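Below: one structure, written as structure tokens.
This structure is a prediction, so every number in the text was calculated from the model and none was measured. First the proteins, then the strands, lettered A, B, ... as listed; each starts at 1.
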2 protein chains.
Amino acid sequence: MLALISAGSAATRAEIARLTGLARSTVSQRVDALIAHGFVDETADAGSTGGRPPRRLSLRTREHAVAGVDLGASHCRVALLDIGGSLLAVREDPLKIADGPRAVLAHVDRTLRTLLAETGRGQHTLRAIGVGVPGPVEFSTGRPVDPPIMPGWHQFPIPEYFAEHYGVRALVDNDVNVMALAEQRQAFPGTRYLLYLKVGTGIGCGIIADGRLHRGAQGSAGDIGHIRVGEREELCRCGNSGCLEAIAGGAALAERLTELGLEARSGLDVVRLVQEGNRDAVRMVREAGRAVGEVLSGLVNFFNPETVVVGGALAAVHDQLLAGVREAVYRRSHPLATHVLRIEPSRTGENAAAVGAAILGIEHALSPAQVDRALLQGGLKSPAIG
Amino acid sequence: MLALISAGSAATRAEIARLTGLARSTVSQRVDALIAHGFVDETADAGSTGGRPPRRLSLRTREHAVAGVDLGASHCRVALLDIGGSLLAVREDPLKIADGPRAVLAHVDRTLRTLLAETGRGQHTLRAIGVGVPGPVEFSTGRPVDPPIMPGWHQFPIPEYFAEHYGVRALVDNDVNVMALAEQRQAFPGTRYLLYLKVGTGIGCGIIADGRLHRGAQGSAGDIGHIRVGEREELCRCGNSGCLEAIAGGAALAERLTELGLEARSGLDVVRLVQEGNRDAVRMVREAGRAVGEVLSGLVNFFNPETVVVGGALAAVHDQLLAGVREAVYRRSHPLATHVLRIEPSRTGENAAAVGAAILGIEHALSPAQVDRALLQGGLKSPAIG
DNA sequence: GGGAGTTAGGATGATCGCCGAACAAAGGTG
DNA sequence: CACCTTTGTTCGGCGATCATCCTAACTCCC
């Protein structure tokens, strides 16, 4: 009872009927229920096309908000979206994730309350929370699993924390996964097979297969930072050598530029140098692109995606990076797989992870099961009917 | 109206009710319909457990057969299975696929009629045909797409051929895909994420994600034979160098053994030499295993499967091959991904592709949509009722 | 060997979701 | 102003499912 959430993309009763194939009467019945329970609003009439003008339906965005939390190694970004997917407010603060879950989540809690207050939304309008973390997570329980850069977070029950404070479900996933989700849902809605490559300090990959996130058996899918490139011997912090991350990761590039006597502590510095036209930095980024492309060419053959999106800090200089990536991929991958393949820079920008996390929350809140549950419970703040 | 096909795994009415959560009355009603239309048989009572003994239900295997066709570069294997998945008969003949679709399909047609006759099944009992071919296929239309070793097959409408001759749907897929399907359905039924690695003349990979075949955007997923290994420079027939297939494929190994003065024309000869204890051959297979493992370790990080199955001609010497594969994978892959990872030799044997193709047919024939259609059409040869 | 208890399967009336047809509303068009 | 088009609503009906009750068939134990 509810494929009708297509109202998310705006529709009238008659349109829904045509799209879903349901009888107009049935659609009316269900829409009435949704209106009565405060999920949907009837806005003004739209123009007629020769007959009675339809009444437009829209999600009641004012009363249904969702939060997206992007936790990085040294930052914390919280976004507030309405259930229709519009960004209402964002805030980023520097914050060491190594401070541990209690401190970090308390900060998120404070920030979220501030954002709710600033946008004039009551706490009771929050429907779900999505969280992206920089490490492996068991999605079903929302607990990090041995995350290397998140000391103290192993098995910490993040969803329980938010359930206590807000009484809503929290969905926790790897940050690269939610970025892939944001990119696919917002920039490439028709694409069913998409890879999101994040080239930042480290290198990771979010996988959309058949329109859904692929997390793999243990939820560690997409961990491509430690795939070996060629016969190279660069030492990696993982203990192996020749890892993609140790060759093309932002941290590795910065380190090598420092050895050349340049001022570079992180991937951002590398980007700055490239933008300033430093030839060593440009060469190095292009080289990194080739290394990424070499690994990617294998993944393209294996996975056969329609679209590869390259994001992360280094994607800011995508002219240089993508040139190397494309070069390697088109040289090595099978023509059938590259024939219609698109390799493009990310379009979602710095809010990608926070928005992606929020999308996780939105899709949960709008899932048939959740909506059914809400309807059965007599709605939320239903003006009429119980 | 029909999750009940679990009868495939044998069940009684009461069991079905418990498993599906449906009311016992509802189950009875639907089972009656299936019996009336000849899909299901009521066999003898089973032992009681303290109450009325249940009546066992089983698919009416005598009246519902499915064919699986395995087309190789130089062989053609046709298998006849009943709808329950039991192998009734197989036949393999040498046959050059390069003879073109007309000649090959005519041969399949003759073989299939022979098998039906030999097993005493009428042609009208055939419900579907699955076909595995050694090249890329657009699954939805069942047409090969620029298959390199199948001259004359490009865009040939295989399903139409069988629709004409038998009036049933034919499902055509890449041979590695159907082998992966056979392995997952028969040997690892609980595994949701599985890779099937075929190491034969060439090297390919079938992918099961979330329990279903992953074919990718253009249906070319799993084409890993031309992923580059290290910095090696072996020339490959694809025009590139360092391809996995050119290093570890059976054809490449045979060629190199020939250069050493040994008698080896194909992967089978390599296997024979290894079994005879030839040290060069053993070393070479182990080396090939390491090359395969190096590529596989990347795929394991990326895809995070539960199980990797190694099949194909060279898997006959899996002691040597798997040793190399495991060595490379456990050295290079992330612990989280390899923690519960199993790397095992294929269990399905030489009938894998034919049986997998037949499974494709069985699952089609038992899909709710197909069963509904059959029920609406008044059954097939229903003894009573119309 | 005959009840008591247990489990399987069948029959019946009620309920729920959905559909189709008729109808009312609201606007165009000549 | 009559007539058409399109939208949305009302209402009776149909089919699938469920809960309940009932019968069948068997075990176990006194």
Side-chain angles (χ1 to χ4, degrees), chain A residues 1-7 9-37 39-58 368-369 371-379 384-386, chain B residues 1-7 9-37 39-58 368-369 371-379 384-386:
Chain A
M1 168 160 165
L2 246 284
L4 191 154
I5 315 300
S6 63
S9 69
T12 70
R13 289 174 177 77
E15 268 177 50
I16 295 172
R18 276 191 296 269
L19 282 169
T20 62
L22 294 172
R24 283 213 313 282
S25 51
T26 309
V27 172
S28 262
Q29 218 172 289
R30 305 212 285 203
V31 167
D32 287 350
L34 290 175
I35 292 178
H37 290 78
F39 275 105
V40 167
D41 253 357
E42 221 166 28
T43 54
D45 289 10
S48 157
T49 57
R52 169 176 174 171
R55 269 176 278 174
R56 302 205 66 75
L57 302 171
S58 60
V371 175
D372 274 2
R373 219 168 57 91
L375 288 182
L376 285 177
Q377 284 178 6
I385 299 186
Chain B
M1 169 161 167
L2 245 283
L4 192 153
I5 314 300
S6 64
S9 69
T12 70
R13 290 174 177 77
E15 268 176 51
I16 295 171
R18 275 192 296 270
L19 283 171
T20 61
L22 294 173
R24 284 215 310 282
S25 49
T26 308
V27 172
S28 262
Q29 214 173 295
R30 306 212 283 203
V31 167
D32 287 351
L34 291 175
I35 292 178
H37 290 78
F39 274 106
V40 168
D41 252 357
E42 221 165 28
T43 53
D45 291 8
S48 157
T49 57
R52 169 175 175 171
R55 271 177 275 173
R56 303 207 66 77
L57 301 171
S58 58
V371 175
D372 273 2
R373 219 167 57 91
L375 288 182
L376 286 177
Q377 286 178 4
I385 298 185

Does the side chain of A:R30 get closer than 4.0 angstrom to OP1 or OP2 of C:dC18 through an N or O atom?
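It does, given that an N or O in the side chain of A:R30 lies less than 4.0 Å from OP1 or OP2 of C:dC18.
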For B:S28 and C:dG10, is the shortest distance between a side-chain N/O and OP1 or OP2 below 4.0 Å?
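For C:dG10, OP1/OP2 do have a side-chain N/O of B:S28 under 4.0 Å.
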To the nearest 0.5 angstrom, please state how far the [atom1] atom of [X] sits from the [atom2] atom of [Y].
X     : Y     : atom1 : atom2 : value
A:T12 : A:E42 : OG1   : CD    : 10.5 Å
A:L22 : A:R30 : CG    : CZ    : 5.0 Å
A:I16 : A:L57 : CD1   : CG    : 5.5 Å
A:R13 : A:R24 : CZ    : CZ    : 11.5 Å

Name all residues meeting the side chain to side chain contact (heavy atoms under 4.5 Å, CB included) criterion together with [X]; count only those two or more places apart in sequence or in a different chain, and write none if there are none.
X     : value
A:Q29 : none
A:T49 : none
B:R18 : B:A14, B:E15

Bend across the helix from C:dG1-D:dC30 to C:dG30-D:dC1, to 10°, with axes taken over 5 pairs at each end?
10°
Rounded to whole Å, please give me the gap between [atom1] in [X] and [atom2] in [N].
X      : N      : atom1 : atom2 : result
A:D372 : C:dC16 : CG    : C1'   : 13 Å
B:L22  : C:dC16 : CG    : P     : 18 Å
B:L375 : D:dA16 : CG    : C1'   : 14 Å
A:I16  : D:dT9  : CD1   : P     : 11 Å
A:R13  : C:dA26 : CZ    : C1'   : 14 Å
B:R18  : C:dT6  : CZ    : C1'   : 12 Å
B:Q29  : D:dG15 : CD    : P     : 12 Å
A:E42  : D:dG8  : CD    : C1'   : 9 Å

For nucleotides 26-30 of chain D, which of its nitrogen or oxygen atoms have a protein nitrogen or oxygen under 3.5 Å away, and what is each distance?
{"from": "D:dC26", "atom 1": "O2", "to": "B:G50", "atom 2": "O", "distance (Å)": "3.3"}

All N/O pairs under 3.5 Å across the protein-nucleotides 19-22 of chain D interface:
{"from": "D:dA19", "atom 1": "N6", "to": "B:S25", "atom 2": "OG", "distance (Å)": "2.9"}

Could you report the tightest heavy-atom contact between B:S58 and B:T43, atom names first, then the distance?
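In terms of heavy atoms, the two residues are closest at OG-CG2, 3.4 Å.
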